[in-house]
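Note that the structure is predicted; figures quoted are calculated from it, not measured.
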Amino acid sequence: MQFHRLYDCAARVDWITLAYQTYVVEANLTRASIESKWKKRYQLIIVLGWSGVARIDGKCYLLWGYKEALNPAPADRVGQPKLTNLQITATQSVISITAGPMLITVSFLSPIEAQNLVLQSLPFTYVSVKASATDNAQHRVQFYSDISLEWVSGNSSNIASWSTTKTSSTVFHAGSRQAQESMAETFEMAEDSTVYYAMAARNGTTYQTGTDDTLRGGFCNDGKLNNTADTDFRVINQTYPVLAHSLDLGEVQATPDDVVWGIGLLRDPVVRYEPPGNPSQKNRSSYFWTSYSSINDAIDAFICEECLRRLFRACLLSARQAMAMDYTMAKGSDGNWNKSDIMIFAKDVGVSRRVNPVEVLYAALSSMLYLNETWLGYALEPLLRAQDGKGVGYAAPDLGDAYPTAIFDTSKLNATRAIEDSGSMLIMGWAHAKFSNDTSQIQRYVVCLYKEWADYLSANTSDLSAYADSDGKPKQNMANLALKGILGLRAMAEIAAAVGNDGDHSTYSSKATSMISSWKSQYTSSAADRHLVATTGNSTSWSLTYNLFGDRLLGFDLVDSDASVLIIEVYTAQDSVYSNQAQKAESSGAFGLVYDSNAVVSKSHWTLLSAGATSTKNVRDILIELIYTKATFNAFREVFPITYNAANGTGLSGFASPALGSMFSVVCMNLHGPSSSSRADSSGVNAGAIAGGVVGGLAFISLGGFGIYLYRRRKSERRKQRQSEPSTILLNDKHANTTHEPGSQALPSPRPNRKGDALTLTTEGYTVTPQNGEAPPPNDTAPRDPTREAELEVLRQEVEELRAREDIYNPPPEYHDGHEAGPSLEPTPPPISPK
């Protein structure tokens with residue numbers, strides 16, 4: 001396998017994310033279409049009109065959009081842009097273009113604000129443009145951009161209407177369907193959304209709405225727009241109406257500030273949630289409404305140049321897809337926003353319209369824990385509240401299949417997935433309480449739900465012949481599913497201890513320990529390597545036992561706690577299987593490791609959880625690199641999926657799913673695995689380097705960062721080879737040589753109950769008397785992990801240093817689809833040899 005260079009990451013990726021803030025605000029384009037196609041979404045089949053134009057000394061150059069967009073302009077006023085570089089980071093896609101005598105950089109930014117729900121919930125993303133002269137001379141520079149009304153409907157035969165608003169600091173257009181359909185979708189595009197296209201008001205700013213050809217041709221001729229409005233509301237694809245802005249910077253050698261546009265899709269309400277017994281709370285709105293009374297105020301605050309510069313500097317190197325959820329709250333009985341009633345809703349993107357699917361949240365668990373532990377509680381709350389008092393006995397898999405309508409219907413439940421979902425909910429419930437240091441949620445639901453689910457697991461996990469996992473595998477005794485049930489019991493033991501019931505802690509802990517011994521005996525292969533079989537009765541079968549991730553994440557060390565049961569540790573045996581199978585996959589040219597010996601597909605999220613649970617660095621790396629191979633395979637024009645054909649790389653489902661948050665699994669092992677030190681890698685690789693590689697790293701989210709991860713790993717190996725030689729330690733070498741030894745951590749003290757709540761222990765168990773039916777106040781001020789914050793800052797610094805170094809950048813790729821690469825913007829590094 002080739003260790004791909006940084007430019008390869010961008011060159012080989014099959015799609016480029018331009019906008020992704022919620023599942024509604026999404027725009028991608030295929031690599032082959034950078035200079036020729038409109039921006040697309042929904043598996044790249046829905047067209048979204050979005051163009052950008054630079055006018056340099058009277059000649060127009062198309063920066064992004066359809067290549068024929070400037071046909072209405074006179075030929076002598078149209079120049080040929082030249083793509084010179086493409087860079088993809090975790091939150092940005094950056095395109096460098098030569099337009100006549102100017103070098104222009106276009107950055108598409110989807111910010112992540114993991115410590116600020118107001119910012120995170122605002123459904124806006126941004127595009128910024130800056131330019132500098134290549135001849136050191138001054139030139140007349142003007143910029144233009146527009147969007148079509150295709151953003152507001154999956155059916156372009158619908159009629160749209162639009163308007164323009166000017167405030168003291170911004171100018172923004174708004175457009176929507178004339179007859180919106182609440183909570184409806186067409187090709188995963190919301191039919192009840194309003195699109196906003198905004199720009200800061202400054203000298204030289206003009207605007208206009210009208211026919212696409214008229215506005216683009218007029219700008220190329222005049223270098224400005226007319227500040228007029230088209231009031232002929234019509235069908236979206238009839239003489240396509242567009243919403244446009246332009247800016248005249250005058251004679252400049254370089255742009256003094258970035259020219260920024262903001263694009264957002266607003267829905268209100270965003271989710272219809274029907275909790276049992278309280279239908280008045282069914283509509284939920286985005287959380288940013290707690291800070292802004294109107295969309296005008298929100299746009300003014302977030303489109304202002306000062307705010308944008310701060311966002312560009314401060315946004316975390318993390319995953320757009322993983323955090324693209326709806327962050328909501330509702331109004332209380334007094335008609336005011338109830339800021340304590342926060343819920344997060346996730347759609348089963350790329351698969352179905354299921355609401356808060358438990359397996360997706362489980363896959364995304366590590367990303368929420370790493371970025372903001374409190375948010376995991378917000379995502380669990382809708383599931384918990386809906387099932388409270390229903391007496392089903394086991395956990396539900398979701399909140400219905402009609403996103404954005406969330407309805408819990410007991411008549412549609414069956415027990416097939418009871419072990420899977422009950423185990424997942426218990427693991428996630430304890431993970432939230434442990435890492436947020438907030439026990440209020442488990443206190444509310446310990447009696448009515450958690451204990452009920454644990455008892456179900458205790459009674460049914462030993463015989464799984466009637467149960468299936470979340471992937472729908474046939475009902476049979478599966479090792480991975482049985483482990484989920486046992487870990488759920490172990491999580492319940494910790495929940496009991498956290499709320500003060502030592503008796504239940506002892507009971508559930510003993511039960512889990514007993515069951516894990518039986519589990520090892522039942523599911524260990526008779527083969528020499530003593531690996532775990534996928535199912536009983538087939539000693540040659542194997543699977544990605546990704547639920548080992550829960551054992552390591554929560555510091556249970558339950559699986560390998562009894563050395564007398566087996567001579568060889570389970571983790572070591574599984575690593576051996578993964579290594580052997582991965583080598584076979586590589587040698588056959590496969591694009592991933594199948595998740596089960598009886599399967600033909602790869603599951604990227606389960607592969608990554610397995611990577612987080614491995615005990616050796618080499619196995620971890622090879623699992624990650626298999627995912628990278630798929631992400632950088634550009635034969636198919638598709639956004640990265642969670643399920644794909646292992647043999648040929650064809651994406652099957654889960655395109656841009658929040659389950660991609662599983663990329664943070666390795667990071668969580670370093671930050672939150674207090675009992676994992678016995679299996680800690682002693683190779684000397686910095687845990688922060690690993691964290692940075694994963695945070696910025698997996699190719700399907702941040703291909704540039706993944707290149708850094710591979711580069712740093714190779715640099716570490718080369719450093720070992722020359723340890724005896726004198727060398728100058730640079731800043732990034734210093735970080736890479738700093739070893740973080742994982743150590744034991746004391747169990748966080750339970751957070752005091754919310755004022756007014758009472759928690760009472762009785763002989764029957766627990767009694768929780770809440771002051772009211774609301775969730776506790778948000779815990780966004782929970783203590784932060786200084787190690788995590790330091791590592792993010794180190795990574796940020798290292799990215800900047802790596803950009804400046806002369807030994808990691810290569811020339812931009814040679815495109816083989818009709819595009820000629822221009823001269824390199826960066827120095828050429830030494831060649832990197834194959835693995």
Side-chain angles (χ1 to χ4, degrees), residues 319 321-322 357-370 376 420-421 423-428 431 435 469-471 473 478-488 491 532 534 542-556 558-559 570-571 574-575 577-578 581-582 592-596 599 601-617 619-628 630-631 640-644 654 657-673 676 679 690-691 693-695 697-698 700-701:
Q321 286 88 337
V358 171
E359 75 279 5
V360 171
L361 295 181
Y362 181 78
L365 170 65
S366 56
S367 62
M368 285 188 279
L369 289 178
Y370 193 85
L376 175 58
E420 172 79 28
D421 298 318
S424 293
M425 289 297 292
L426 283 160
I427 291 169
M428 290 190 291
F435 300 130
D469 64 6
S470 61
D471 297 311
K473 290 166 62 178
M478 293 175 280
N480 196 42
L481 181 58
L483 179 59
K484 175 71 71 66
I486 297 170
L487 293 176
L532 294 174
W542 63 272
S543 68
L544 289 175
T545 315
Y546 56 82
N547 285 319
L548 289 169
F549 170 75
D551 183 45
R552 296 204 65 191
L553 172 72
L554 296 172
F556 292 156
L558 182 66
V559 173
V570 170
Y571 284 96
Q574 290 306 100
D575 284 354
V577 170
Y578 299 159
Q581 295 299 326
L593 194 62
V594 294
Y595 73 100
D596 185 280
V601 299
S602 291
K603 301 278 187 178
S604 58
H605 52 326
W606 301 149
T607 301
L608 292 165
L609 289 190
S610 299
T614 57
S615 59
T616 58
K617 179 177 70 70
V619 175
R620 178 202 68 209
D621 291 350
I622 198 170
L623 291 177
I624 293 175
E625 288 175 9
L626 283 169
I627 298 298
Y628 175 81
K630 161 56 188 168
F640 194 85
I642 60 173
T643 302
Y644 59 92
S657 169
L660 297 177
S662 54
M663 67 178 176
F664 285 85
S665 60
V666 175
V667 181
C668 285
M669 292 304 101
N670 173 56
L671 296 177
H672 298 308
S676 61
R679 285 185 295 272
I690 298 170
V694 178
V695 173
L698 293 182
F700 56 83
I701 298 295

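Between the side chain of Asp551 and the backbone N or O of Leu558 there is at least one donor-acceptor pair closer than 3.5 Å. With hydrogens and angles disregarded, no donor-acceptor distance shorter than 3.5 Å links the side chain of Asp596 to the backbone of Leu544. Distance alone, capped at 3.5 Å, is enough to place a donor-acceptor pair between the Ser657 side chain and the Ala659 backbone.
Rounding to the nearest 0.5 angstrom, the gap separating the CH2 atom in Trp542 from the CD atom in Gln581 is 4.5 Å. One finds the CG atom of Leu365 at 6.0 Å from the CG atom of Leu553 (value rounded to the nearest 0.5 Å). Between the OG atom in Ser366 and the CG atom in Leu609 there is a gap of 6.5 Å [rounded to 0.5 Å]. Distance check: Thr643 OG1 to Tyr595 OH gives 8.0 Å after rounding to the nearest 0.5 Å. With rounding to the nearest 0.5 angstrom, the CG atom of Asp471 is 9.0 Å from the CE atom of Met478. Rounding to the nearest 0.5 Å gives a distance of 4.5 Å between CH2 of Trp606 and OG of Ser470.
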Requested in this report: Would you sort out whether Met368 and Leu361 count as a side chain to side chain contact (heavy atoms under 4.5 Å, CB included), showing the intermediate values?
Outcome: CA-CA 9 Å; Met368 285 188 279; Leu361 295 181; 4.3 Å; yes

Requested in this report: Before giving the answer on side chain to side chain contact (heavy atoms under 4.5 Å, CB included), spell out for Glu359 and Ser424 the whole-Å C-alpha distance, their side-chain angles and the decisive distance to 0.1 Å.
Outcome: CA-CA 7 Å; Glu359 75 279 5; Ser424 293; over 6 Å; no

Query raised in the report: Hey, mind stepping through Leu532 and Asn480 against side chain to side chain contact (heavy atoms under 4.5 Å, CB included) and telling me if it holds?
Result: CA-CA 9 Å; Leu532 294 174; Asn480 196 42; over 6 Å; no

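Counting heavy atoms from C-beta outward, Leu660 and Ile642 have side chains that approach closer than 4.5 Å. In this structure, the side chains of Phe435 and Leu554 come closer than 4.5 Å at one or more pairs of heavy atoms. Proximity of Ser610 to Thr545: side-chain heavy atoms (C-beta onward) are nowhere separated by under 4.5 Å. Put simply, the side chain of Met425 reaches to within 4.5 Å of the side chain of Val358, judged on heavy atoms. Here the side chains of Tyr370 and Ser665 are not in contact, with every heavy-atom distance at 4.5 Å or above.
Shown here for Gly550 and Phe556, the closest heavy-atom pair between the two residues is O-CD1, 4.4 Å. Of all heavy-atom pairs spanning Pro658 and Ala364, the tightest one is O-CB, 3.4 Å. Smallest separation of non-hydrogen atoms from Ser602 and Gly592: OG-C, 3.3 Å.
Considering Leu623, Thr616, Val570 as possible partners of Asp575, the one that fulfils the side chain to side chain contact (heavy atoms under 4.5 Å, CB included) test is Thr616. Screening Val619, Thr614, Leu548 against Tyr571 for a side chain to side chain contact (heavy atoms under 4.5 Å, CB included) leaves a single residue, Leu548. A side chain to side chain contact (heavy atoms under 4.5 Å, CB included) with Tyr362 is found for one member of Glu420, Met428, His605 and no other, namely Met428.
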